[in-house]
Amino acid sequence: YEKDIMWTNILTCDNADDINDLCFVLKKNRIKYIVNRSYTRDWQDTYSVLIFSMNKQESNIIDKYLSITKTKYLRQILK
């Protein structure tokens, strides 16, 4: 991690309960995030969470959560 660079994780999932669990972890650890509701090409609900990690510790919290959850997320990381 470079100093003063914010990393944005985009996690997408179609299950609202799983997204709520993720957001609970983020809120508990005071990590900033935004939730967006959208649709697939088949018009099914899907949810994306934009997560703004400011340091390696916050990124490790996200990595740890993803490693223990049974839910599969589509993940994209932007610098």
Side-chain angles (χ1 to χ4, degrees):
Y1 269 67
E2 297 176 31
K3 190 175 181 179
D4 298 327
I5 293 181
M6 177 175 55
W7 297 81
T8 304
N9 286 266
I10 304 170
L11 299 177
T12 303
C13 176
D14 61 359
N15 188 310
D17 292 333
D18 294 331
I19 291 294
N20 285 336
D21 292 344
L22 170 62
C23 292
F24 176 78
V25 170
L26 297 172
K27 185 175 181 179
K28 177 180 152 187
N29 289 284
R30 296 183 175 180
I31 301 173
K32 294 180 182 181
Y33 66 93
I34 299 171
V35 179
N36 296 299
R37 180 178 174 190
S38 57
Y39 299 94
T40 66
R41 293 181 195 166
D42 299 328
W43 292 102
Q44 295 178 355
D45 286 337
T46 188
Y47 303 89
S48 293
V49 182
L50 280 71
I51 306 167
F52 307 101
S53 62
M54 303 301 286
N55 55 48
K56 186 68 173 173
Q57 180 183 2
E58 290 180 354
S59 184
N60 286 340
I61 292 168
I62 298 164
D63 291 340
K64 183 177 178 183
Y65 176 81
L66 292 175
S67 71
I68 62 173
T69 185
K70 294 180 181 179
T71 304
K72 292 191 178 188
Y73 290 91
L74 173 64
R75 184 180 191 185
Q76 182 177 11
I77 302 173
L78 306 172
K79 181 176 175 181

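Worth knowing before you read on, the calculation uses all heavy atoms, side chains too, and leaves out hydrogens, waters and symmetry mates. In what follows, residues are counted from 1 in the order of the sequence shown.
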Would you please name every residue forming a side chain to side chain contact (heavy atoms under 4.5 Å, CB included) with [X], sequence neighbours left out?
X	answer
T40	D42, Q44, T46
Q76	I10, L78
I68	none
I77	W7, N9, R75

Quiz item: Which residue pairs satisfy the ring-ring contact (aromatic ring centres under 6.0 Å, His included) criterion with at least one member in residues 41-64, sequence neighbours excluded?
Solution: Y39-W43
Exercise. Please list, chain by chain and in numerical order, all residues satisfying salt bridge (Lys or Arg N to Asp or Glu O under 4.0 Å) with D45, sequence neighbours excluded.
Key: R37
Could you give the side-chain donor-acceptor pairs of residues 23-34 under 3.5 Å, partners two or more places apart or in another chain?
unit_1	atom_1	unit_2	atom_2	d
N29	ND2	V25	O	2.8

Self-check item: Backbone of K64 reached by a side-chain donor or acceptor of S67 within 3.5 Å
Solution: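 Judged by distance alone, yes, a pair lies under 3.5 Å.
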Quiz item: So how far is it from N36 CG to L50 CG, rounded to the nearest 0.5 Å?
Solution: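 Separation between the atoms: 5.5 Å.
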Quiz item: Can you tell me how far OG of S48 sits from CG of L74, rounded to the nearest 0.5 angstrom?
Solution: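 Taking CG in L74 and OG in S48, the distance rounds to 7.5 Å.
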Show every donor-acceptor pair shorter than 3.5 Å between a side-chain atom in residues 13-20 and any protein atom, with sequence neighbours excluded, or say none if there are none.
unit_1	atom_1	unit_2	atom_2	d
N15	OD1	D17	N	2.9
N15	OD1	D18	N	3.2
D18	OD1	T71	OG1	3.3
D18	OD2	T71	OG1	2.9
N20	ND2	A16	O	3.4

Quiz item: Do you know the tightest heavy-atom contact between S53 and S59?
Solution: CB-N, 4.0 Å
Quiz item: Does a side-chain heavy-atom distance below 4.5 Å link L22 with T69?
Solution: no
